[in-house]
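Numbers for residues simply follow the sequence, beginning at 1. As a basis for the values below, the full set of heavy atoms in this structure was taken, side chains included, without hydrogen atoms, waters or symmetry mates.
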Amino acid sequence: VQLQASGGGLVQIGGSLRLSCVASGLTISTMSWFRQAPGKEREFVAAIRRNGGHTYYADSAKGRFTVSIDNPRNAMSLQMNSLKPEDTAVYYCAHSRVVLSGIRDPSNYPTWGQGTLVTVSS
């Protein structure tokens with residue numbers, strides 16, 4: 001069971017990046033993106049349930065980020081637009097077979113990717 005995150009990099013303020021998280025050894029159920037900036041706690045960014053396609057966003061991500069599932073690739077993506085310096089962080093993807101409540105709580109996710117660094121700079 002493995003999650004492989006990619007797509008991070010250095011981008012200017014207002015730019016865009018697309019993160020990807022490919023799952024192997026499992027079939028996607030509920031997947032989420034979290035991020036952790038230096039000196040801060042890990043925080044929820046976005047989530048998607050494969051069954052029904054329901055999506056959830058942190059207030060900081062609403063209107064700028066879009067989470068989606070690529071079924072043929074068994075992968076999840078995060079399209080990030082209008083990036084701000086405060087979006088700078090290591091972004092982690094996470095998976096859980098069942099998250100009935102607390103979808104924003106990282107303790108509900110047993111499987112994590114290795115993280116990909118996003119740096120937004122002027």
Side-chain angles (χ1 to χ4, degrees):
V1 176
Q2 186 177 14
L3 300 178
Q4 183 69 42
S6 62
L10 175 63
V11 64
Q12 290 187 330
I13 295 172
S16 299
L17 279 176
R18 187 176 183 87
L19 306 184
S20 179
C21 179
V22 179
S24 58
L26 60 85
T27 299
I28 289 174
S29 177
T30 297
M31 291 194 75
S32 292
W33 289 99
F34 291 82
R35 68 187 182 186
Q36 188 166 16
K40 294 188 177 181
E41 293 186 353
R42 191 167 297 191
E43 66 174 2
F44 171 78
V45 176
I48 185 167
R49 297 187 191 274
R50 182 177 187 172
N51 187 10
H54 300 290
T55 57
Y56 308 81
Y57 295 95
D59 288 344
S60 60
K62 287 179 182 177
R64 300 188 299 128
F65 295 1
T66 302
V67 63
S68 60
I69 287 179
D70 183 347
N71 285 308
R73 293 179 61 227
N74 203 38
M76 171 182 65
S77 295
L78 184 69
Q79 177 67 41
M80 304 187 295
N81 299 326
S82 303
L83 284 163
K84 305 174 182 180
E86 51 264 43
D87 295 318
T88 295
V90 177
Y91 284 69
Y92 299 89
C93 55
H95 178 268
S96 179
R97 291 184 61 239
V98 179
V99 182
L100 298 179
S101 63
I103 200 168
R104 293 171 172 81
D105 184 350
S107 68
N108 287 324
Y109 295 84
T111 306
W112 290 81
Q114 85 286 5
T116 184
L117 176 62
V118 172
T119 304
V120 184
S121 175
S122 58

For this session: Verify, without hydrogens or angle tests, whether Asn74 (side chain) and Ser24 (backbone) share a donor-acceptor contact under 3.5 angstrom.
Result: no
Exercise. Just by distance, do the side chain of Gln114 and the backbone of Gln4 share a donor-acceptor pair under 3.5 Å?
Worked result: no
For this session: Might you work through the side chain to side chain contact (heavy atoms under 4.5 Å, CB included) test for Arg42 and Trp112, ending with a clear yes or no?
Result: CA-CA 13 Å; Arg42 191 167 297 191; Trp112 290 81; 3.3 Å; yes
Exercise. Are Arg50 and Asn71 close enough, and set up right, to give a side chain to side chain contact (heavy atoms under 4.5 Å, CB included), and what steps lead you there?
Worked result: CA-CA 9 Å; Arg50 182 177 187 172; Asn71 285 308; 3.0 Å; yes
For this session: Any chance you could lay out the side chain to side chain contact (heavy atoms under 4.5 Å, CB included) test for Ile48 and Tyr57, step after step, and finish with the verdict?
Result: CA-CA 9 Å; Ile48 185 167; Tyr57 295 95; over 6 Å; no
Exercise. So how far is it from Thr119 OG1 to Gln12 CD, rounded to the nearest 0.5 Å?
Worked result: 13.0 Å
Problem set entry | Ser96: which of Ser29, Ser32, Pro110 passes side chain to side chain contact (heavy atoms under 4.5 Å, CB included) | Pro110
Problem set entry | Heavy-atom closest pair, residues Pro85 and Ile13 | CG-CD1, 3.6 Å
Exercise. Where is the tightest heavy-atom contact between Leu117 and Ala89, given as atom of each residue plus distance?
Worked result: CD1-O, 3.6 Å
Exercise. Just wondering, do Arg64 and Met80 contact through their side chains at under 4.5 Å, heavy atoms?
Worked result: no
Exercise. Taking side chain as C-beta onward, heavy atoms only, is Tyr92 less than 4.5 Å from Leu19?
Worked result: no
Problem set entry | Exercise: identify the closest heavy-atom pair between Val90 and Gly115 | CG1-CA, 3.8 Å
For this session: Using the rule that two of Ile, Leu, Val, Met, Phe, Trp, Tyr join whenever any of their side-chain heavy atoms come within less than 4.5 Å, decide whether Trp33 and Ile69 are in one cluster.
Result: yes
Exercise. Mind checking whether Phe34 and Tyr109 have ring centres under 6.0 Å apart?
Worked result: yes
Problem set entry | Test item: Gln79 and Ser68 side chains (from C-beta on) under 4.5 Å apart, heavy atoms | no
Exercise. Are Asp59 and Lys62 within salt-bridge range, i.e. N to O under 4.0 Å?
Worked result: yes
Seminar exercise, completed: Closest non-hydrogen contact found for Ala23 with Leu3 is CB-CD2, 3.6 Å
For this session: Using a 4.5 Å cut-off on heavy atoms from C-beta on, say whether the side chain of Val11 contacts that of Ser16.
Result: no
Exercise. Are any side-chain N or O atoms of Asn108 and backbone N or O atoms of Ile103, one a donor and one an acceptor, separated by less than 3.5 Å?
Worked result: no
Exercise. Could you give the distance from CG (Leu17) to CG (Leu10), rounded to the nearest 0.5 Å?
Worked result: 9.0 Å
For this session: Check for a donor-acceptor pair, side chain of Arg49 on one end and backbone N or O of Val99 on the other, with a separation under 3.5 Å.
Result: yes
For this session: Please round to the nearest 0.5 Å and tell me the distance separating atom CZ of Arg35 and atom SG of Cys93.
Result: 15.5 Å
For this session: Compare every heavy atom of Leu78 with every heavy atom of Ala46, then report the nearest pair and how far apart it is.
Result: CB-CD1, 4.1 Å
For this session: Start with the C-alpha gap between Met31 and Val67, add the side-chain angles, then the distance that decides, and say whether side chain to side chain contact (heavy atoms under 4.5 Å, CB included) holds.
Result: CA-CA 10 Å; Met31 291 194 75; Val67 63; over 6 Å; no
Exercise. Between the main-chain N or O of Val120 and the side-chain N or O of Thr88, is there a donor-acceptor pair closer than 3.5 Å?
Worked result: yes
Problem set entry | Contact check, side chains of Glu86 and Ser60, non-hydrogen atoms, under 4.5 Å | no
